[in-house]
Amino acid sequence: MVETNKRDIDVKLLELLACPLTKGPLKWDAERGELVSRLAKLAYPVRDGIPVMLPSEARQIGDREA
């Protein structure tokens, strides 16, 4: 059995996902376990390997994080 890091996300899934607000690309932040939309300045959480793509669940990020 191969253990996977809880902070990993499937690369193929990442290619399919887009920000629900801007429809723009997302960047994987492995350190925080979030998908980051630079255009929307939001970070969507990934819980148990499942992206939570709800703007109400996203964390706002500043210009430095984006």
Side-chain angles (χ1 to χ4, degrees):
M1 185 166 129
V2 177
E3 286 188 38
T4 59
N5 186 342
K6 290 184 180 180
R7 298 283 187 179
D8 287 343
I9 190 166
D10 187 335
V11 176
K12 291 181 183 179
L13 177 62
L14 184 57
E15 291 173 1
L16 297 173
L17 293 174
C19 175
L21 295 176
T22 66
K23 310 299 186 243
L26 296 167
K27 180 184 173 208
W28 174 239
D29 181 347
E31 187 175 309
R32 291 182 179 233
E34 299 173 325
L35 291 169
V36 177
S37 171
R38 292 180 177 175
L39 294 173
K41 295 185 180 174
L42 292 173
Y44 297 95
V46 175
R47 297 184 185 130
D48 297 324
I50 301 169
V52 181
M53 303 301 294
L54 300 170
S56 61
E57 292 288 320
R59 177 178 68 84
Q60 288 201 339
I61 59 174
D63 290 333
R64 290 183 183 178
E65 287 182 278

- Euclidean distance, Tyr44 OH relative to Arg59 CZ, rounded to 0.5 Å: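 Output value for this atom pair is 12.5 Å.
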- Message: To the closest 0.5 Å, what do you measure between CD1 (Ile61) and OG (Ser37)?
- Response: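 Here the interatomic distance stands at 7.5 Å.
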Given side chains that start at C-beta, do those of [X] and [Y] come closer than 4.5 Å, heavy atoms only?
{"X": "Lys41", "Y": "Asp63", "answer": "yes"}
{"X": "Leu26", "Y": "Pro51", "answer": "no"}
{"X": "Thr22", "Y": "Leu42", "answer": "no"}

- Where is the tightest heavy-atom contact between Lys23 and Pro20, given as atom of each residue plus distance? NZ-O, 2.6 Å
- Give the cluster check for Met53 versus Leu13: same hydrophobic cluster or not, with ILVMFWY residues linked at side-chain heavy-atom distances below 4.5 Å. yes
- Message: Assigning hydrophobic clusters by single linkage (Ile, Leu, Val, Met, Phe, Trp, Tyr; side-chain heavy-atom cutoff under 4.5 Å), is Leu21 placed with Leu17?
- Response: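 Yes; Leu17 is reachable from Leu21 via cluster members.
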- More than 12 foreign heavy atoms under 6.0 Å from CD of Glu57: is that the case here?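 Buried by this count: over 12 neighbours within 6.0 Å.
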